Asker: 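For reference, the structure I am asking about is given below.
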Amino acid sequence: MALVWAVKLVLFLWLFNVLPSSQGKGNFNEFRYPFIKRASTFPSASSSSSSGHNNVYDYIVVGGGTAGCPLASTLSQKFNVLVLERGGVPFANSNVSFLRNFHIALADTSPTSASQAFISTDGVINARARVLGGGTSINAGFYTRASTRFVKSVGWDAKLVNESYPWIEKQIVHQPKLEPWQVALRDSLLDVGISPFNGFTYDHLYGTKVGGTIFDRFGRRHTAAELLSSGNPQKLTVLVYATVQRIVFDTSGKRPKAVGVIFKDENGNQHEAVLADKPRNEVILSSGAIGSPQMLLLSGIGPKADLEKLNIPVVLDNKFVGKGMADNPMNAIFVPSNKAEKQTLIQTVGITKMGVYIEASSGFSQSMDSIQCHHGIMSAEIGQLSTIPPKQRTPEAVQAYIRRKRNLPHEAFKGGFILEKIAYPISKGDLSLVNTNVDDNPSVTFNYFSHPYDLQRCVDGIRVATKLVQSEHFTNYTRCNKETVEKVLNSSVEANVNLIPKHTNDTKSLEQFCKDTVITIWHYHGGAHVGTVVSPQHKVLGVDRVRVVDSSTFSESPGTNPQATVMMMGRYFGAKILRERLGRAAGI
């Protein structure tokens, strides 16, 4: 059971006190598993030949993230697998490990941070993971499966899908203890007609439900990196601080064929990892919706004219690489409280039939160990400046806010937020390279609310959120009367909070509210779509021995929160590949 394992883990960590705040400093006891090593330990060609070892693998997984870890763990049951992760490990990083520090990893802008900030051309500040475990190491922890409609739409084998989810759940997923703020949300959702109540379930069902979490009862996070423990340690090698520069292709035949990758270690030295010369061996990109399209482009797969501008040798001209990027826009409304609230991220969700999801968070302003008066998901320190229109959200604006809020009354930040997110946005954007440095973010555009249907759904969602804030369940629980709300509003003019829009019957007013207060919940996807960049089997079209397994292949984000399905996807494709190559001998 995940809970029993969690208790043992916490006791182990307490006994050995492995809780430094940085990634990858010290003697690396925090690596936990013997197959995880620094990239600089990778043997050179000369040393490997003299020692009898070689740098040849059946699978090279680029990105040890949400999909990459379960994928590599599964493939290593039968094949030699190398995982190359550009970040460090999450195990001994207290900023990653504890719910109470959720926002701090996202606010950390140092080169070794577990997250890497980027700003889309829309002006919305966003983040991408830079740590083993990927997004599961920096997200809000909510675990819920995709709808059966989604599984059918992407053409996956439903039986194998339903075998793959439990493989994840048994290892790292927990049932949350429902906190009072989340109870108030649950009861308010039911009151406004988002019914029935489906209880605790991983399934995607219309109505109101309580989902799973990767935080245990001690508030400790369990990430996809822990799924590596199910791999075969004799056949699995994981290198951290290994930044892949490009895929190496043999272009002498009829079709370009991947033969390996070039990567640099933490000291800046370059290495080459090579695929064994078998036709079914592959380089598998699992670097996420930003990293995988970026890697394809850096490797010479993409729009020819764009590649030539940056002097990248063209391996395959494909105008669709980086296209169809989307991010689920989120808007939030502050709910003031007269008392200190316990920290919660997401436990309860309302799944509406209007294409809107409703969630909530609370209590982060009361953490003494955290940045003063921060708001967790809504922290200005992580770029969630919802009181400033997107184009004005500069780094200078963030710093100015941080300085101003020190003079604000602490009471102005008591409470929490109702979060409203648009499901399957129709508005699309694109991704393109700025330069050839893989460490730099590419240019990304999401075009939030460019499609009128997305904007209409936001308006509908804000109206629902307004009703929730005004419901007796929240007003009775928070003990906030009108006078208190007005006091909070007046003292929060300079604060990073948004209260209920004053003209909820005015559609144009709400449309502007949606545009001006849009933020992200980090569920962006696309850039390497099935049918234009990869096949239904996720093999890159036009070349051999390259596959993409991550959210860059999605045309919509699965479920209310995607991490469950992205982890399942890694396990699913690992099992599928083993079965295709070995048949019954796969044993899976």
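The figures that follow rest on heavy atoms only: side chains count, while hydrogens, waters and symmetry mates do not. Small disclaimer: the values here were computed from a predicted structure and weren't measured.
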Asker: Could you measure the distance from the OH atom of Tyr165 to the OH atom of Tyr202? Nearest 0.5 Å is fine.
Answerer: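 Atom-to-atom, Tyr165:OH and Tyr202:OH are 12.5 Å apart.
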
Asker: Should Phe446 and Asp122 count as side-chain neighbours, where that means a heavy-atom distance under 4.5 Å?
Answerer: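 When only atoms from C-beta onward are counted, Asp122 and Phe446 do touch, with a gap below 4.5 Å.
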
Asker: Going by an N to O cut-off under 4.0 Å, is there a salt bridge joining Arg255 and Asp544?
Answerer: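 Yes, Arg255 and Asp544 are salt-bridged.
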
Asker: In a check of ring-ring contact (aromatic ring centres under 6.0 Å, His included) between Phe554 and each of Tyr424, Phe150, Tyr524, which one passes?
Answerer: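 The residue from Tyr424, Phe150, Tyr524 that satisfies ring-ring contact (aromatic ring centres under 6.0 Å, His included) with Phe554 turns out to be Phe150.
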
Asker: Not counting sequence neighbours, which residues clear salt bridge (Lys or Arg N to Asp or Glu O under 4.0 Å) with Glu163? List them please.
Answerer: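 Partners of Glu163 under the salt bridge (Lys or Arg N to Asp or Glu O under 4.0 Å) test: Lys159, Arg579.
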
Asker: Would you check, one step at a time, whether the test side-chain contact (heavy atoms from CB on, under 4.5 Å) holds for Leu71 with Ile284?
Answerer: CA-CA 9 Å; Leu71 172 67; Ile284 304 180; 3.5 Å; yes

Asker: Measuring only between side-chain heavy atoms, which start at C-beta, is Ile60 closer than 4.5 Å to Leu84?
Answerer: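 Result yes, sub-4.5 Å side-chain heavy-atom pair found.
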
Asker: With a 4.5 Å heavy-atom cut-off, do Val283 and Arg547 have their side chains touching?
Answerer: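 Counting from C-beta outward, Val283 and Arg547 never come under 4.5 Å.
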
Asker: Considering only NZ, NE, NH1 and NH2 on the basic side and carboxylate oxygens on the acidic side, decide whether Arg545 and Glu282 come within less than 4.0 Å.
Answerer: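 Not counted as a salt bridge, because no side-chain N and carboxylate O are separated by less than 4.0 Å.
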
Asker: Using a strict cut-off of less than 4.0 Å between a Lys/Arg side-chain nitrogen and an Asp/Glu carboxylate oxygen, indicate whether Arg145 and Glu169 qualify as a salt bridge.
Answerer: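 Counted as a salt bridge, because a side-chain N and a carboxylate O are separated by less than 4.0 Å.
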
Asker: I'd like to know if the side chain of Arg130 and the backbone of Ser115 have a donor-acceptor N/O pair within less than 3.5 Å.
Answerer: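 Present.
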
Asker: Report yes if some heavy atom in the side chain of Phe91 is under 4.5 Å from a heavy atom in the side chain of Tyr33; otherwise report no.
Answerer: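 They are in side-chain contact.
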
Asker: Ring-plane angle category for His174 and His222, please: parallel below 30°, perpendicular beyond 60°, tilted otherwise.
Answerer: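 The arrangement is tilted - the two ring planes meet at 30° to 60°.
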
Asker: Could you grab the distance from atom CZ of Arg32 to atom CG of Leu228, nearest 0.5 Å is fine?
Answerer: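 Interatomic distance, Arg32 CZ to Leu228 CG, rounded to 0.5 Å: 10.5 Å.
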
Asker: Determine, for Phe218 and Arg220, whether the Lys NZ or Arg CZ falls below 6.0 Å from the six-membered ring centre while staying within 45 degrees of the axis.
Answerer: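 No, cation not above the ring by the 6.0 Å, 45° rule.
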
Asker: Is it true that Arg86 and Glu266 make a salt bridge, defined as a side-chain N closer than 4.0 Å to a carboxylate O?
Answerer: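 Salt bridge: no.
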
Asker: Taking atom types as modelled, find out whether Asp265 and His271 have a side-chain donor-acceptor pair closer than 3.5 angstrom.
Answerer: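 Side chains of Asp265 and His271: pair found under 3.5 Å.
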
Asker: Looking only at non-hydrogen atoms, find the nearest pair between Ile346 and Glu359 and report the distance.
Answerer: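 Reported closest heavy-atom pair: CD1-OE1, 3.1 Å.
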
Asker: Identify the two heavy atoms, one from Met295 and one from Val244, that lie closest to each other, and give their separation to 0.1 Å.
Answerer: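 Heavy-atom minimum between the residues: CE-O, 3.2 Å.
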
Asker: Any side-chain donor paired with an acceptor under 3.5 Å for Lys209 and Thr144?
Answerer: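 Side chains of Lys209 and Thr144: pair found under 3.5 Å.
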
Asker: Working note: Phe118 + Ile290, criterion side-chain contact (heavy atoms from CB on, under 4.5 Å); need CA distance, chi angles, decisive distance, verdict.
Answerer: CA-CA 10 Å; Phe118 70 95; Ile290 305 297; 4.1 Å; yes

Asker: So Tyr59 and Leu82, do their side chains get closer than 4.5 Å, heavy atoms only?
Answerer: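 Leu82 vs Tyr59: side chains apart.
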
Asker: Would you confirm whether the ring centroid of Phe79 sits within less than 6.0 angstrom of the ring centroid of Tyr57?
Answerer: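 Ring centroids of Tyr57 and Phe79 are no less than 6.0 Å from each other.
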
Asker: Shortest non-hydrogen contact from Gly133 to Thr223?
Answerer: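 Where Gly133 meets Thr223 most closely, the heavy atoms are CA-OG1, 4.3 Å.
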
Asker: side-chain hydrogen bond (donor to acceptor under 3.5 Å, both in side chains) for Asn281 and Arg581? Distances and angles first, verdict last.
Answerer: CA-CA 10 Å; Asn281 291 350; Arg581 287 193 71 164; 3.0 Å; yes

Asker: Could you tell me whether the side chain of Glu85 and the main chain of Gly87 form a donor-acceptor pair under 3.5 Å?
Answerer: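 Such a contact is found between Glu85 side chain and Gly87 backbone.
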
Asker: Could you check whether the rings of Phe573 and Trp156 sit parallel, tilted or perpendicular, using 30° and 60° as the cut-offs?
Answerer: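 Ring orientation of Phe573 relative to Trp156: perpendicular.
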
Asker: For the pair Val530 and Val154, evaluate side-chain contact (heavy atoms from CB on, under 4.5 Å) and give the outcome as yes or no after the intermediate values.
Answerer: CA-CA 9 Å; Val530 174; Val154 295; over 6 Å; no

Asker: In Å, rounded to the nearest 0.5 Å, how long is the span from CD1 of Ile168 to SG of Cys69?
Answerer: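 If we round to the nearest 0.5 Å, Ile168:CD1 and Cys69:SG are 10.0 Å apart.
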
Asker: Hey, what do you get for OG (Ser137) to CD (Gln563), rounding to the nearest 0.5 Å?
Answerer: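 Ser137 atom OG to Gln563 atom CD measures 10.0 Å (nearest 0.5 Å).
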
Asker: Determine yes or no for a side-chain-to-main-chain donor-acceptor pair under 3.5 angstrom, with Asn447 supplying the side chain and Ser427 the backbone.
Answerer: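 Checking the backbone N and O of Ser427 against the side chain of Asn447, no donor-acceptor pair under 3.5 Å is found.
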
Asker: Considering non-hydrogen atoms only, spot the tightest contact between Pro293 and Ser552 and give its length.
Answerer: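 Here Pro293 and Ser552 meet closest at CD-CB, 3.9 Å.
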
Asker: If the test is side chain to side chain contact (heavy atoms under 4.5 Å, CB included), which one of Asn561, Leu106, Ile214 qualifies with Asn139?
Answerer: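 So, applying the side chain to side chain contact (heavy atoms under 4.5 Å, CB included) to Asn139 and each of Asn561, Leu106, Ile214, only Ile214 qualifies.
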
Asker: Check the pair Asn328, His525 against side-chain contact (heavy atoms from CB on, under 4.5 Å), reporting the backbone distance first and the verdict last.
Answerer: CA-CA 9 Å; Asn328 299 75; His525 49 281; 3.4 Å; yes

Asker: One pair to check against side-chain hydrogen bond (donor to acceptor under 3.5 Å, both in side chains): Gln347 and Thr213. What are the steps and the verdict?
Answerer: CA-CA 7 Å; Gln347 297 179 334; Thr213 178; over 6 Å; no

Asker: What I want to check is whether the side chains of Ser286 and Asp550 have a donor and an acceptor closer together than 3.5 Å.
Answerer: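 No, no side-chain donor-acceptor contact under 3.5 Å.
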
Asker: So do Lys539 and Val546 actually touch side chain to side chain, heavy atoms under 4.5 Å?
Answerer: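 Counting from C-beta outward, Val546 and Lys539 never come under 4.5 Å.
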
Asker: Please collect all side-chain hydrogen bond (donor to acceptor under 3.5 Å, both in side chains) contacts where either partner lies in residues 69-84, sequence neighbours excluded, each pair once.
Answerer: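 Only Thr74-Arg571 qualify under side-chain hydrogen bond (donor to acceptor under 3.5 Å, both in side chains).
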
Asker: Testing the basics here: between Asp58 and Leu275, what is the closest heavy-atom pair and its distance to 0.1 Å?
Answerer: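 Looking at all heavy atoms of both residues, the shortest contact is O-CD2, 3.6 Å.
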
Asker: Which one of Ser551, Ser557, Pro558 satisfies the side chain to side chain contact (heavy atoms under 4.5 Å, CB included) criterion with His523?
Answerer: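 One option only clears the test, and that one is Ser557.
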
Asker: Return the minimal non-hydrogen interatomic distance between Asp439 and Asn437, and the atom names on each side.
Answerer: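 That closest heavy-atom pairing would be N-OD1, 2.9 Å.
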
Asker: Is a donor on one side and an acceptor on the other found under 3.5 Å between the side chain of Asn318 and the backbone of Ile301?
Answerer: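 No, Asn318 side chain to Ile301 backbone: no donor-acceptor pair under 3.5 Å.
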
Asker: Given side chains that start at C-beta, do those of Leu433 and Gln294 come closer than 4.5 Å, heavy atoms only?
Answerer: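 With C-beta onward as the side chain, the pair touches.
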
Asker: Does the side chain of Val238 come within less than 4.5 Å of Leu132's, by heavy atoms?
Answerer: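 When only atoms from C-beta onward are counted, Val238 and Leu132 do touch, with a gap below 4.5 Å.
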
